[in-house]
Each structure stands twice: as structure tokens, then as C-alpha cells.
Amino acid sequence: MIEVRPFAGLGGANHGWLNAKHHFSFANYYDPRRMSWGALRVWNDDEIAAGTGFPPHPHADMEIITYVREGAITHEDSLGNKGRTEAGDVQVMSAGTGIRHAEYNAEPELTRIFQIWIEPTRRGEKPSWGSRPFPKGERAGQFVVLASGFDGDGDALPIRAEARVVAATLKAGQSAGYPLGATRRGYLVPAQGEIEVNGVRANARDGVAIADTETVTITALSDTEIVLVDAA
């Protein structure tokens, strides 16, 4: 099963400093048909104006992955962590028993991010935060694991969920496969470019919900950058 959810049909709101689109019910956007996709609870497509951002606010028992598409995001939290994550790189916050954090666009230009929330399978643990670079050249023509709750996923940022966040960059005409497994659920968004997912077309920033599919094959119709969540 492959269902395309066009970008134009997503929920969201433009707050001036923040132009947010929601793939799933979030804040004032509610759609009982789109509450989650397996353990994937939130996928927000956020554009944050220069010099603005989210003031300190709390989270608990959620794995929050931020993929920076353009610009950079600056993080500060109640544990004393501070960091700046640039385009193409990833940060992960395991909210655990509770954490307060702020995220700001301290850059002179617009920042664009995907923020992804995954329900944890382990709760009640200490909160944590981490980030790391993922050079796009390393994922040229293939998927690499950005964040994972599985052993053996190398340098991927750890999350407390039976899930993976993977990404690939493809030139027009290239294809890459991902072994999802028929019992798993996938959700995929091309940050840019047009693609086919097992022959089904999707455009930039569309959501593609996948289930009952052993292997996912993505073919780039134009140069593209893809992020995919593999969750139970």
C-alpha cells in the first residue's frame, strides 16, 4: 500500500515568523484519519524566519528528530546542552522524564527543517540530546541511517524506539532501494525534487505513507533529497 499525501493538502498555519505544515494532526490542525503512522506521531515541515524561533517549552517521553534542510537551527536545553545544526545535519532529543528546550534560527536567512516525533518504546529514562553531521556525499545514491533504535546501525544517532530515520540523495534517473519489510510502516518525504515510489509519483514535500511492502524502490525523476522513517 502506497498513499501519496500532497503537500498542498497538508494542515498547518502561517504565524508570520513560522510557516508550518503538518503531515499529521498537530496543534490546531486535527484530522482523525491522520493522527499517526504506526509509532510516527509528528512530521512537521517548518520554515522559520531569520532571528526568530521557539522559546523554551517542555517535552516528555518523545523522540524528537530535527533534520535541517536549509539554514541552521540553534538548540539550548535545561540540561545545559547547546548546539548549532546546519543544513543536511541532524539532531535528536530524547525527552525522557522531561526536558525544556528552545530552538532558534540565529541565521540571517530563512531556515527550513523537518521535525519528526516518534513514540518511544522505552519510557521513564533520563533525557538526552545529540547532533552530528551527515555529509550529503556519503548518502549519494544510497540510504544512510541518521537515527536508530537498533543495534548495529553504526554512527547513527540513538533513539529509544524500534525505528530508523534514513536519508538519501539521488540524481535524476538514479534509484535506491530500502528493505522496509511487510510488517513495518514507512513514511517518506522528498525535501526537493520529484520521485517515484514503487512506480507511484510524488512531488517535493509530499508525504508518502507505505505499508504491506517488503522493499521500497525510489527512482528520482529530478535531483532529489529523501528522508524516510521506518517504524513499527
(request) Without swapping roles, check the side chain of Asn105 against the backbone of Gly53 for a donor-acceptor pair under 3.5 Å. (result) no

(request) State, to 0.1 Å, how close Gly186 and Leu180 come at their nearest heavy-atom pair, and which atoms those are. (result) N-CD2, 3.7 Å

(request) State whether Arg205 and Glu47 are salt-bridged, where the test is any N-O pair (Lys NZ or Arg NE/NH1/NH2 against Asp/Glu carboxylate O) under 4.0 Å. (result) yes

(request) Can you see which heavy atom on Thr121 is nearest to which on Ala161, and at what distance? (result) OG1-CA, 3.5 Å

(request) Mark yes or no for whether Ser148, through its side chain, and Phe150, through its backbone, hold a donor-acceptor pair below 3.5 Å. (result) yes

(request) Please collect all ring-ring contact (aromatic ring centres under 6.0 Å, His included) contacts where either partner lies in residues 85-114, sequence neighbours excluded, each pair once. (result) Trp43-Phe114, His57-His101, His59-His101, His75-His101

(request) Find the distance between CD1 (Ile210) and OH (Tyr187) and round it off to the nearest 0.5 Å. (result) 10.0 Å

(message) Please report the interatomic distance CZ(Phe143) to CD1(Ile218), rounded to the nearest 0.5 Å.
(response) 3.5 Å

(message) Between Asp206 and Arg5, does any NZ, NE, NH1 or NH2 come within less than 4.0 Å of an OD or OE carboxylate oxygen?
(response) no

(request) Please answer whether the main-chain N or O of Arg100 pairs with a side-chain N or O of Ser78 as donor and acceptor at a distance below 3.5 Å. (result) yes

(request) Test side-chain hydrogen bond (donor to acceptor under 3.5 Å, both in side chains) on Trp129 and Gln91 and set out the steps. (result) CA-CA 7 Å; Trp129 175 85; Gln91 67 175 16; 3.3 Å; yes

(request) Look at Lys21 together with Asp46 and state whether they make a salt bridge at an N to O cut-off of under 4.0 Å. (result) no

(message) Any salt bridge linking Arg84 with Glu76? Criterion: basic side-chain nitrogen under 4.0 Å from a carboxylate oxygen.
(response) no

(message) We want to know whether Ser94 and Glu63 form a side-chain donor-acceptor pair, criterion being a heavy-atom distance below 3.5 angstrom.
(response) yes

(request) Establish, from distance only, whether the side-chain atoms of Thr66 and Gln115 form a donor-acceptor pair under 3.5 Å. (result) yes

(message) What I want to find out is whether Arg201 reaches Glu196 closely enough, with some N-O distance under 4.0 Å, to be called a salt bridge.
(response) no

(message) Would the distance check show the side chain of Asn198 and the main-chain N or O of Thr215 forming a donor-acceptor pair, the cut-off being under 3.5 Å?
(response) yes

